[in-house]
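Residue numbers begin at 1 in each chain, while the letters A, B, ... track the order of the sequences.
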There are 2 protein chains.
Amino acid sequence: MFLLSTILYDKNHVLQNNILTTLRHVLSNITMAKNEKHSVKLRIWFYSGENKVLGKGRIELLERIKETGSISSAAKGMKMSYRQAWQMVEEMNEFSKLPLVEKQLGGKSGGGTKVTEAGERAIIAFHTLENKVNAFTVKEAEKLKF
Amino acid sequence: MFLLSTILYDKNHVLQNNILTTLRHVLSNITMAKNEKHSVKLRIWFYSGENKVLGKGRIELLERIKETGSISSAAKGMKMSYRQAWQMVEEMNEFSKLPLVEKQLGGKSGGGTKVTEAGERAIIAFHTLENKVNAFTVKEAEKLKF
DNA sequence: AGACGCTATTCATTATAAAGCATAACGATT
DNA sequence: AATCGTTATGCTTTATAATGAATAGCGTCT
């Protein structure tokens with residue numbers, strides 16, 4: 001059946017897709033993906049009204065800003081464009097009650113960005129909540145066999 | 001102000017973005033977004049190994065399939081393309097231990113799709129877990145003032 | 001005053017995701 | 001065997017997100 005379809009489509013290079021799709025199906029049966037362990041994943045975000053303030057990615061960005069002292073090098077470390085990193089920082093700062101970073105434009109070595117006290121507390125709070133919720137979720141998920 | 005921007009923007013489209021951005025900044029100050037209530041949002045997913053099985057969207061799709069009896073009309077109801085809905089169903093079924101839906105190709109009124117027992121249990125399990133985790137998160141988040 | 005390198009901003013390009021379209025295959029029912 | 005509306009599939013187009021490049025502006029420090 002799979003061979004048949006391969007032959008039939010031999011004209012155009014739709015072929016490759018078919019083979020890949022077919023292969024994936026075959027492999028998924030061989031490796032028995034159905035028997036892999038089921039798990040629950042979750043993500044949390046801090047919001048202000050309808051505006052996202054912090055999520056996993058932004059927290060990592062904050063942490064790297066704290067380490068490196070600049071948005072620019074934090075972005076580089078995350079292999080993210082400076083533009084996006086800057087926008088993230090802009091947004092989290094705009095919607096957080098207290099500023100999470102303080103940016104310096106110009107000055108020694110061109111300026112830089114540092115994480116405020118509020119920013120550090122936010123990092124800790126995020127990790128704390130994430131860990132608690134994760135643990136709770138795992139515990140509850142085990143009760144739910146279906 | 002809205003009128004002004006409308007007039008200005010008429011030449012090129014870029015203008016609109018600038019004005020909107022500006023407007024958003026102005027409005028965000030006026031409405032004092034910083035003082036909006038902070039909250040935590042979360043999302044959960046069921047996984048099999050590294051493969052997503054179910055999330056909020058797929059659960060809704062399942063529910064609509066249950067109601068309507070077909071992927072096609074479920075998709076329509078969610079304003080989602082049939083193609084995507086079909087792919088979602090394909091994937092959730094492939095990676096779930098037990099099939100969540102049974103599809104019939106051809107037959108009475110062209111065929112259809114119905115949710116299996118396992119599918120129904122998954123729907124309930126998902127909502128149950130989501131509710132519990134949500135409640136827990138809200139409770140824990142209130143302890144964390146930062 | 002000049003250098004440094006970071007923030008700030010725009011614009012064009014590329015990558016990724018979703019939608020839309022067209023059509024074949026299907027099989028119970030009539 | 002003709003009908004029906006659905007599943008199944010590939011291809012094209014559109015929409016959205018992210019990247020990349022290019023450059024202005026800044027302010028401390030030497």
Side-chain angles (χ1 to χ4, degrees), chain A residues 1-2 4-6 8-22 24-25 52 55 57-58 61 64-65 67-94 99-115, chain B residues 11-22 24-25 52 55 57-58 61 64-65 67-94 99-115:
Chain A
M1 179 168 182
F2 290 119
L4 180 60
S5 68
T6 303
L8 284 176
Y9 281 92
D10 218 330
K11 284 186 181 174
N12 40 19
H13 62 114
V14 177
L15 187 54
Q16 192 182 27
N17 274 336
N18 280 337
I19 289 176
L20 287 181
T21 306
T22 304
R24 232 189 45 201
H25 275 274
K52 193 205 292 178
R58 292 181 183 190
L61 187 58
R64 286 178 185 266
I65 288 171
E67 287 168 20
T68 62
S70 79
I71 296 174
S72 158
S73 33
K76 216 163 279 171
M78 291 178 74
K79 279 163 189 168
M80 172 190 298
S81 66
Y82 170 78
R83 182 186 163 70
Q84 187 179 12
W86 177 83
Q87 280 175 330
M88 282 173 148
V89 168
E90 201 68 3
E91 230 186 310
M92 71 174 81
N93 239 18
E94 177 176 6
L100 303 174
V101 300
E102 268 171 13
K103 291 176 285 183
Q104 188 190 349
L105 173 56
K108 184 181 174 183
S109 77
T113 300
K114 54 183 179 181
V115 176
Chain B
K11 283 188 180 175
N12 51 5
H13 291 223
V14 182
L15 209 47
Q16 188 181 34
N17 276 336
N18 282 336
I19 287 172
L20 286 181
T21 305
T22 304
R24 232 189 46 202
H25 276 273
K52 195 205 292 180
R58 291 181 182 190
L61 186 59
R64 285 178 185 266
I65 289 171
E67 288 169 18
T68 63
S70 79
I71 296 173
S72 158
S73 32
K76 217 163 277 170
M78 290 178 74
K79 279 163 190 167
M80 173 190 297
S81 67
Y82 169 78
R83 184 182 166 71
Q84 187 178 11
W86 177 83
Q87 280 175 330
M88 281 172 151
V89 167
E90 201 68 3
E91 228 185 312
M92 72 174 81
N93 239 18
E94 177 177 4
L100 303 173
V101 300
E102 268 172 12
K103 291 177 284 182
Q104 188 191 350
L105 172 56
K108 183 180 176 185
S109 75
T113 300
K114 54 182 178 182
V115 175

Any B:W86 side-chain N or O less than 4.0 Å from OP1/OP2 of D:dA8
yes
Residue pairs passing the salt bridge (charged side-chain N to carboxylate O under 4.0 Å, His left out) test with at least one member in residues 99-114 of chain B, sequence neighbours excluded, are B:E90-B:K103
Contacts of A:T113 meeting side chain to side chain donor-acceptor pair (under 3.5 Å) (sequence neighbours excluded), chain-then-number -> none
note: A:K103, atom NZ; D:dG27, atom P; distance rounded to Å ~ 14 Å
> Is there a donor-acceptor pair closer than 3.5 Å between any side-chain N or O of A:N93 and the backbone N or O of A:P99?
Replying inline: no
Between CG of B:N93 and P of D:dT7 the distance, given in whole Å, is 13 Å
Rounded to whole Å, the NZ-P distance (A:K52 to D:dA17) equals 11 Å
To the nearest angstrom, the CD-P distance between A:E102 and C:dC6 comes to 18 Å
Residues at least two apart in sequence or cross-chain that pass side chain to side chain contact (heavy atoms under 4.5 Å, CB included) with A:S109, listed by chain then number, are none
Within residues 68-84 of chain B, those residues having any heavy atom closer than 4.0 Å to DNA chain D are B:S70, B:I71, B:S72, B:Y82, B:R83
Here the residues of residues 104-111 of chain B within 4.0 Å heavy-atom distance, strictly under, of DNA chain D are B:Q104, B:L105, B:G106, B:S109, B:G110, B:G111
Taken to the nearest whole Å, CD/B:Q87 to P/D:dT7 is 14 Å
Salt bridge (charged side-chain N to carboxylate O under 4.0 Å, His left out) pairs touching residues 68-80 of chain A, sequence neighbours excluded, are none
Across all chains, not counting sequence neighbours, the side chain to side chain contact (heavy atoms under 4.5 Å, CB included) partners of B:R58 are B:K52, B:L54, B:M88, B:E91, B:M92
note: B:M88, atom CE; D:dA8, atom C1'; distance rounded to Å ~ 17 Å
query: So, is A:T113 near the phosphate of C:dC6, with a side-chain N or O under 4.0 Å from OP1 or OP2?
result: no
